[in-house]
Amino acid sequence: MATDYDTPRKTDDDLNEDSIEELKARRNEKASSSVDVDEYDANEGLELPGADLSNEELSVRVLPRQADEFTCMTCFLVHHRSQLYSEKNGQPICRDCGA
């Protein structure tokens, strides 16, 4: 943005007056604006602590550990062999835990 250095400069008092007027104008604008919010959309992903989830079913297919995978003995996650960092006392350690 170009700056015109020939314009008269404002003093601190002028800046304070402008900002107060701007704040008042903004306050009036905020009070007059309204937002249409659908209550269902706002609460769709909301889960309350202690909510009764007994009617819900878990729909995730769990596979057993494959031949090319190992379980890290630090984080206990199953990783692909390409993530093997080292073995400590004969136990495999992943790159995340070994670094």
Side-chain angles (χ1 to χ4, degrees):
M1 181 173 154
T3 303
D4 184 9
Y5 293 104
D6 295 330
T7 59
R9 296 180 188 232
K10 294 184 178 183
T11 63
D12 289 337
D13 294 334
D14 294 337
L15 290 175
N16 289 337
E17 289 175 9
D18 289 343
S19 63
I20 291 173
E21 290 172 4
E22 289 175 11
L23 289 174
K24 288 179 182 178
R26 287 184 199 159
R27 183 184 331 151
N28 292 337
E29 288 174 8
K30 286 182 183 177
S32 65
S33 66
S34 64
V35 178
D36 185 25
V37 177
D38 188 8
E39 291 179 17
Y40 180 75
D41 289 340
N43 294 330
E44 184 177 355
L46 180 65
E47 289 186 19
L48 299 175
D52 182 21
L53 300 176
S54 60
N55 295 334
E56 298 293 324
E57 291 185 23
L58 185 61
S59 60
V60 176
R61 191 172 140 212
V62 179
L63 298 174
R65 186 178 54 153
Q66 304 296 308
D68 60 345
E69 296 176 332
F70 70 96
T71 303
C72 176
M73 290 298 125
T74 303
C75 64
F76 302 106
L77 295 176
V78 176
H79 297 280
H80 188 264
R81 292 214 177 196
S82 63
Q83 296 294 317
L84 182 64
Y85 179 73
S86 68
E87 289 190 9
K88 184 176 182 181
N89 299 329
Q91 304 294 326
I93 306 293
C94 70
R95 288 184 182 176
D96 294 333
C97 295

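What you see is a predicted model; the values in this text were computed from it and never measured.
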Query raised in the report: With no hydrogens and no angle check, is any side-chain donor or acceptor of Q66 less than 3.5 Å from a backbone partner on P64?
Result: yes
**Report entry** Euclidean distance, F70 CZ relative to R81 CZ, rounded to 0.5 Å
**Finding:** 8.5 Å
Report summary line: Between the CG atom in L63 and the CD atom in E69, the distance rounded to the nearest 0.5 Å is 8.5 Å
Requested in this report: Give the other cluster members for V78, using side-chain heavy-atom distances under 4.5 Å between Ile, Leu, Val, Met, Phe, Trp and Tyr residues; answer none if it is isolated.
Outcome: none
Query raised in the report: With ILVMFWY side chains joined below 4.5 Å, transitively, what does V60's cluster contain besides itself?
Result: L58
Query raised in the report: Which heavy-atom pair separates C75 from C94 by the least distance, and what is that distance?
Result: SG-SG, 3.9 Å
Query raised in the report: Atom NZ of K88 and atom SG of C97: how far apart are they, to the nearest 0.5 Å?
Result: 11.0 Å
Query raised in the report: Counting N and O atoms only, with roles assigned by atom type, does the side chain of N89 sit under 3.5 Å from a partner on the main chain of Q91, one being a donor and the other an acceptor?
Result: no
Report task. Please round to the nearest 0.5 Å and tell me the distance separating atom CG of N55 and atom CD of E57. Result -> 9.5 Å
Requested in this report: Identify the heavy atoms of P92 and L84 that sit nearest to each other, and give their distance.
Outcome: CB-CD1, 3.7 Å
